Protein chains: 2
Amino acid sequence: MNKKTTIYDIARALGITVSTVSRALNNVPTISEGTRQLVLAKAKELNYSVNKIASSLSSGRSNTIGVIVPTMQIHFFAEAVHSIEKELKKHNYSLLLYQSNESYSDEVNGIKTLLEAQVDGIIASLSLETQQITHFQEVIKQGKCLIIFDRTHRDIAAPVVKLNDFEAGYLATKHLIEQGYKKIGFITTNKEIAIFQDRFSGFEAALKEADLPQLDDLIVRGELSIEAGIKGTEQILQSSIQPDAIIGGDDFTAVGIIQALKAAEIAIPATGVIGFANQTFSSFITPALSSIDQQANKMGEECAKLFLKMVKQKNPYEDIEQVVLDPILIKRKSTCRIDK
Amino acid sequence: MNKKTTIYDIARALGITVSTVSRALNNVPTISEGTRQLVLAKAKELNYSVNKIASSLSSGRSNTIGVIVPTMQIHFFAEAVHSIEKELKKHNYSLLLYQSNESYSDEVNGIKTLLEAQVDGIIASLSLETQQITHFQEVIKQGKCLIIFDRTHRDIAAPVVKLNDFEAGYLATKHLIEQGYKKIGFITTNKEIAIFQDRFSGFEAALKEADLPQLDDLIVRGELSIEAGIKGTEQILQSSIQPDAIIGGDDFTAVGIIQALKAAEIAIPATGVIGFANQTFSSFITPALSSIDQQANKMGEECAKLFLKMVKQKNPYEDIEQVVLDPILIKRKSTCRIDK
DNA sequence: TACTTTTATGCAACCGGTTGCAAAATTGTT
DNA sequence: AACAATTTTGCAACCGGTTGCATAAAAGTA
């Protein structure tokens with residue numbers, strides 16, 4: 001492979017200047033139609049292809065956006081990244097991907113890397129470990145667009161896209177109550193993460209609204225996983241009160257709940273089970289698991305749109321927008337003992 | 001935000017040249033320890049951060065790799081990308097992500113975009129539509145490292161990382177035979193994609209080896225999906241021969257098979273079911289689905305390693321390597337009527 | 001035809017680093 | 001102390017575009 005052709009080659013071949021060539025290639029209005037065509041033709045002839053690196057350096061815009069997510073192994077994030085990429089691609093942005101692997105130091109490093117790469121903006125969801133947020137403030141300080149989604153942090157003065165998790169918890173609980181369940185358990189995480197706390201608050205609110213007691217024996221705080229769902233359910237079943245429904249902090253936990261109930265020969269949906277996230281598998285496990293959809297795609301889309309809007313503004317942090325998506329209740333067998 | 005500090009600022013502050021600063025920051029051995037320390041200290045003081053764009057332009061290396069996958073919505077690809085990113089990050093490479101969305105023209109565009117971005121290499125898995133491969137040849141022609149994984153194409157003269165899909169089909173079938181299943185059905189795609197064809201060939205080989213007949217009535221070619229699994233199973237059940245096991249072209253199809261068998265009140269694993277991919281959900285549906293693990297993570301890792309190896313060579317296409325991973329049989333309830 | 005406007009192009013600096021080669025500074029040798 | 005060998009640093013070109021400003025060319029007007 002001989003050296004790649006540059007605008008200098010085109011200019012030389014045509015006996016014009018590189019500035020003219022540059023303008024022709026970028027459809028700058030001040031160029032005459034005639035030369036534009038000449039340049040385009042010659043560019044094609046020489047198999048020219050821009051060097052975006054050079055272009056970025058001189059223009060100061062990289063047309064690249066950085067995305068930091070905990071891990072692509074979590075389907076929700078893969079889905080969100082999918083949508084972000086799909087949306088931004090339409091506007092000629094490329095996506096630099098960085099996984100924090102749920103580690104604070106990796107996340108800090110990710111921000112550093114992306115800033116060094118001169119991204120035009122960063123869309124991020126925080127790692128479970130993250131407490132300090134100076135690295136995010138640095139992004140803002142540099143005047144780059146920053147958007148936080150799903151796993152947010154109240155102290156970051158940047159636009160946010162998230163689910164109304166309170167509403168999610170409320171919806172799930174209210175649905176159970178409407179189905180006649182009264183003694184409702186909840187297996188969730190003991191970590192202080194906003195989304196999980198909010199879900200729980202929604203749960204509490206729905207109970208209060210229906211004048212139902214919150215039964216502490218039915219509430220387990222630990223991990224979120226199939227295993228944790230099983231253990232949690234076993235623990236609940238040993239308490240003096242028998243639950244007639246259990247909410248899983250996420251769908252994996254809910255699967256564990258289902259397995260434990262089956263093992264204990266407790267019928268579902270006589271005893272109801274619901275989870276959060278509406279994972280792919282939720283619809284086809286037995287019984288099909290009711291869940292609250294987290295709208296990963298919509299969230300990714302909104303992030304992308306928000307970025308496109310911000311990047312156009314002189315001062316992106318003028319008024320900080322907050323997009324709160326409504327959760328969607330997906331009713332399936334595991335909670336429907338009345339209708340259906 | 002005032003302008004970012006550059007090596008010029010550091011040089012000026014220290015009364016030395018930018019070349020010296022550059023060398024100090026890059027740990028070039030020809031620099032004296034004294035000045036290196038001075039530069040590093042001043043860099044920290046001024047909160048300096050490299051501009052990788054500038055660095056890339058002048059050095060000719062972007063330290064970025066492009067990854068093209070059909071879509072992150074497919075868990076296998078998300079998982080592979082996860083591993084690629086994780087592995088390459090260790091070696092200071094960043095990852096530009098591009099989804100072809102199973103579209104040929106998008107894929108072509110992806111290659112173009114990544115080349116323009118001056119990536120040091122591209123790791124790709126082909127879209128279902130792709131027949132022409134000139135865009136990949138362009139990558140090779142430019143001397144950039146190209147690695148194809150999973151969805152490969154015989155005419156691309158680049159290293160490949162893939163699963164031994166023949167072996168996968170063979171393993172699945174042999175396992176069924178060992179479990180005493182004799183009338184084995186297969187629901188697969190009608191598309192001519194190597195991996196699926198290979199799986200089927202493995203199926204045929206295992207049957208032949210065991211002197212079992214290949215029962216055409218039990219073979220359905222169409223789509224791969226839960227729906228297709230259900231439809232396919234219904235079709236098979238209507239044939240004159242009743243199957244005692246059915247293989248799903250992927251785990252989703254296998255889930256459909258399970259659902260259809262349940263609906264027809266046919267017991268599993270009296271009638272066996274096995275799929276391919278070992279999706280997350282496979283282990284916890286009822287009955288737990290046996291499957292062939294596709295080793296997404298391992299595949300990603302191997303791609304990364306292969307790239308790191310190639311990128312060091314003067315002529316990356318000297319001898320083209322091919323990494324073929326062995327599939328792993330995951331035995332679960334859905335096929336284990338003997339032991340366990 | 002001469003002069004003003006309005007395009008279209010060229011000039012040249014700039015973006016922020018990297019790197020081969022030469023020159024200067026140090027160190028070593030006798 | 002003089003000279004050679006070695007280590008450090010500086011010089012300057014280069015990577016491949018972009019863009020504000022000036023100038024040349026084309027078009028419009030009187």
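We name chains A, B, ... by the order of the sequence lines, and we start the count at 1 in each one. Quick caveat, the model's predicted, so the values are computed rather than measured.
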Inter- and intrachain pairs under side chain to side chain donor-acceptor pair (under 3.5 Å), touching residues 41-52 of chain A, at least two apart: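 Every side chain to side chain donor-acceptor pair (under 3.5 Å) pair that includes a residue of residues 41-52 of chain A, provided the two are not neighbours, is A/K4-A/S49, A/K42-A/E45, A/K52-B/E116.
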
Hey, could you give me each pair passing side chain to side chain donor-acceptor pair (under 3.5 Å) that has a residue in residues 300-317 of chain A? Not counting sequence neighbours.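 As it turns out, the side chain to side chain donor-acceptor pair (under 3.5 Å) pairs with a partner in residues 300-317 of chain A, which skip direct neighbours, are A/K309-A/E321.
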
End axis versus end axis in the helix from C/dT1-D/dA30 to C/dT30-D/dA1, the angle rounded to 10°, five pairs used at each terminus: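 The angle, to the nearest 10 degrees, is 40°.
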
Under 6.0 Å from the NZ atom of A/K89, do we count more than 12 heavy atoms belonging to anything else shown?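 Yes, enclosed.
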
Does atom NZ (A/K144) have a neighbourhood of more than 12 heavy atoms from anything else shown, all under 6.0 Å?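 Counting other residues, nucleotides and ligands, NZ of A/K144 exceeds 12 neighbours.
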
Please identify each residue that fulfils side chain to side chain contact (heavy atoms under 4.5 Å, CB included) with A/E33, with sequence neighbours left out.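 A/E33 satisfies side chain to side chain contact (heavy atoms under 4.5 Å, CB included) with A/R36, A/Q37 once adjacent residues are dropped.
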
Is the side chain of [X] donor-acceptor paired with the backbone N or O of [Y] at a distance under 3.5 Å, no angle test?
X	Y	result
A/T130	A/L126	no
B/T17	B/T20	no
A/H153	A/Q131	yes
B/S83	B/N297	yes

With sequence neighbours left out, write down each residue that passes salt bridge (Lys or Arg N to Asp or Glu O under 4.0 Å) with [X], or none if nothing qualifies.
X	answer
A/E79	none
B/D120	none
B/R61	none

DNA chain D contacts among residues 16-26 of chain B, heavy-atom distance under 4.0 Å: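 Result for residues 16-26 of chain B: B/I16, B/T17, B/S19, B/T20, B/R23, sorted by number.
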
First and last nucleotide of DNA chain D, 5' to 3', lying under 4.0 Å from heavy atoms of chain A: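 Span of nucleotides near chain A: D/dG16 to D/dC21.
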
Test side-chain contact (heavy atoms from CB on, under 4.5 Å) applied to A/I156 and A/L146, A/I320, A/V139, the passing residue: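 Of the listed options, the one satisfying the test is A/L146.
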
For A/R151, check side chain to side chain donor-acceptor pair (under 3.5 Å) against everything at least two apart and list the hits.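 In terms of side chain to side chain donor-acceptor pair (under 3.5 Å), with neighbours along the sequence ignored, A/R151 is linked to A/E102.
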
Residues from residues 55-62 of chain A sitting under 4.0 Å of DNA chain C, heavy atoms only?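 Of all residues in residues 55-62 of chain A, the ones placing a heavy atom under 4.0 Å from DNA chain C are A/L57, A/S58.
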
C/dT9 C1' sits how many Å from A/I7 CD1, rounded?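 My rounded result for the distance is 14 Å.
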
Would you please indicate if the ring centroids of A/H82 and B/F77 are separated by under 6.0 Å?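 When the ring centroids of A/H82 and B/F77 are compared, they turn out to be at least 6.0 Å apart.
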
Please tabulate, one pair per line, each protein N/O and nucleotide N/O from nucleotides 6-8 of chain C that are separated by under 3.5 Å, including the distance.
none

